[in-house]
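In what follows, a structure is listed as structure tokens, so that the remarks can point back to it.
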Amino acid sequence: MSMSQFVIYIKLEKYLSEWLTHSLGCPVRFPNGSNENAVIRAFIQQTPEGEKPETATEGMTPIYIPDSKAKPPESYNYMTDSGKKAVREAIMDLFTRNLWNELRPIDSINIGVNTRIAAWCEMHGIGLDRVETVRQKYYRIREAYKKRGINLQNFTRNNSDNDP
């Protein structure tokens with residue numbers, strides 16, 4: 001199925017927008033059959049009477065509306081703030097899985113976590129001034145599991161999680 005030329009605009013944190021557009025273009029084009037497109041299709045609506053179509057504004061990330069026979073983008077190109085929140089949560093989940101899946105396997109390598117995260121950010125188009133935000137996100141994931149009794153930290157490393 002092809003993709004429409006209609007977009008919605010989602011407010012994302014800078015690091016998240018950089019990662020997403022680096023991976024999927026600008027405007028963002030999610031793969032056919034993706035969870036994110038399913039969320040967009042579920043919450044896209046016809047523009048309410050008297051409402052003007054949304055236009056690009058500073059700090060908003062444009063995302064293509066997927067084609068749908070049930071909800072053609074020519075008519076269904078409006079999303080409420082709650083719908084946008086659902087799309088943002090789907091994007092955040094995708095980011096978290098990507099971050100965790102790519103950094104976790106090298107957790108036991110004798111490289112500081114700050115260095116690994118900086119390299120990961122650079123590889124994914126995230127500005128180095130946002131590395132600390134991504135590092136905190138990585139730690140929060142690990143700590144959330146630790147609080148539930150699931151230890152994901154490798155204690156056999158020769159160095160600490162802090163760079164010298």
Side-chain angles (χ1 to χ4, degrees), residues 1-105 116-148 150 152:
M1 186 175 278
S2 66
M3 189 66 61
S4 78
Q5 295 304 307
F6 292 90
V7 297
I8 54 172
Y9 296 92
I10 307 277
K11 177 73 173 157
L12 300 172
E13 291 88 344
K14 186 80 171 154
Y15 75 92
L16 195 56
S17 180
E18 289 173 344
W19 167 82
L20 188 63
T21 57
H22 181 265
S23 301
L24 298 171
C26 188
V28 174
R29 186 180 303 269
F30 290 111
N32 291 338
S34 69
N35 178 57
E36 297 77 21
N37 276 345
V39 173
I40 293 170
R41 280 192 196 98
F43 296 112
I44 201 76
Q45 304 174 30
Q46 288 184 312
T47 304
E49 193 71 35
E51 186 88 21
K52 294 188 183 216
E54 191 174 19
T55 57
T57 57
E58 183 71 28
M60 301 295 268
T61 303
I63 300 173
Y64 282 116
I65 299 170
D67 283 330
S68 169
K69 289 181 182 176
K71 293 182 175 181
E74 297 80 11
S75 303
Y76 290 80
N77 50 40
Y78 174 82
M79 189 170 285
T80 65
D81 288 341
S82 296
K84 289 180 179 185
K85 183 178 179 188
V87 173
R88 185 193 173 286
E89 287 179 12
I91 292 167
M92 182 57 74
D93 182 60
L94 183 64
F95 172 83
T96 301
R97 286 185 285 136
N98 183 218
L99 174 69
W100 191 254
N101 287 336
E102 290 185 2
L103 286 180
R104 182 65 189 118
R116 286 181 281 143
I117 289 174
W120 186 88
C121 286
E122 195 172 49
M123 185 174 76
H124 287 282
I126 299 171
L128 294 181
D129 55 334
R130 285 171 278 293
V131 169
E132 178 61 17
T133 303
V134 175
R135 185 191 67 77
Q136 289 175 7
K137 187 153 238 16
Y138 183 76
Y139 274 124
R140 279 193 290 270
I141 296 166
R142 197 166 67 185
E143 290 305 307
Y145 279 107
K146 188 176 180 180
K147 285 179 182 176
R148 301 288 184 147
I150 302 170
L152 298 174

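Checked by atom type and distance alone, the side chain of K71 pairs as donor or acceptor with a backbone atom of R41 at under 3.5 Å. Distance alone, capped at 3.5 Å, is enough to place a donor-acceptor pair between the E18 side chain and the G127 backbone. Between the side chain of S34 and the backbone N or O of P31, at least one donor-acceptor pair lies under 3.5 Å.
Taking every heavy atom of both residues into account, R88 and I10 meet most closely at CB-CG2, 4.3 Å. Across every non-hydrogen atom of L99 and W120, the tightest pair is CA-CZ2, 3.6 Å. Between P73 and S68 the shortest heavy-atom distance is CD-N, 4.2 Å. Contact detail for I63 and P27: the closest heavy-atom pair is N-CB, 4.5 Å. The nearest pair of heavy atoms linking A86 to F43 is CB-CE1, 3.7 Å. Looking at every heavy atom in both residues, Y76 comes nearest to A70 through CE1-O, 4.2 Å.
In this structure, P66 and F30 have side chains that are not in contact, with every pair of non-hydrogen atoms separated by 4.5 Å or more. N98 has its side chain within reach of W19: a pair of non-hydrogen atoms, C-beta onward, lies under 4.5 Å apart. Taking the side chain as every heavy atom from C-beta outward, F95 and M92 approach each other to under 4.5 Å.
Contact check on K137 versus E13 returns no salt bridge, with no Lys/Arg side-chain nitrogen under 4.0 Å from an Asp/Glu carboxylate oxygen. Under 4.0 Å is where a charged nitrogen must lie from a carboxylate oxygen, and between E143 and R140 no such pair does.
To the nearest 0.5 Å, the span separating CD on E54 from OH on Y78 amounts to 8.5 Å. For the atom pair L103 CG and R135 CZ, the distance stands at 12.5 Å (nearest 0.5 Å).
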Taking it one step at a time, do V131 and I126 satisfy side chain to side chain contact (heavy atoms under 4.5 Å, CB included)? CA-CA 8 Å; V131 169; I126 299 171; 6.0 Å; no
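The only option from I44, T61, V39 that meets the side chain to side chain contact (heavy atoms under 4.5 Å, CB included) definition with V87 turns out to be V39. Just one residue in the list H124, R116, R97 forms a side chain to side chain contact (heavy atoms under 4.5 Å, CB included) with E102, and that residue is H124. Partner of I65 under the side chain to side chain contact (heavy atoms under 4.5 Å, CB included) criterion, out of V7, I8, N37: I8 alone.
Annotation: D129, atom CG; neighbour count of heavy atoms from other residues, nucleotides and ligands within 6.0 Å is above 12.
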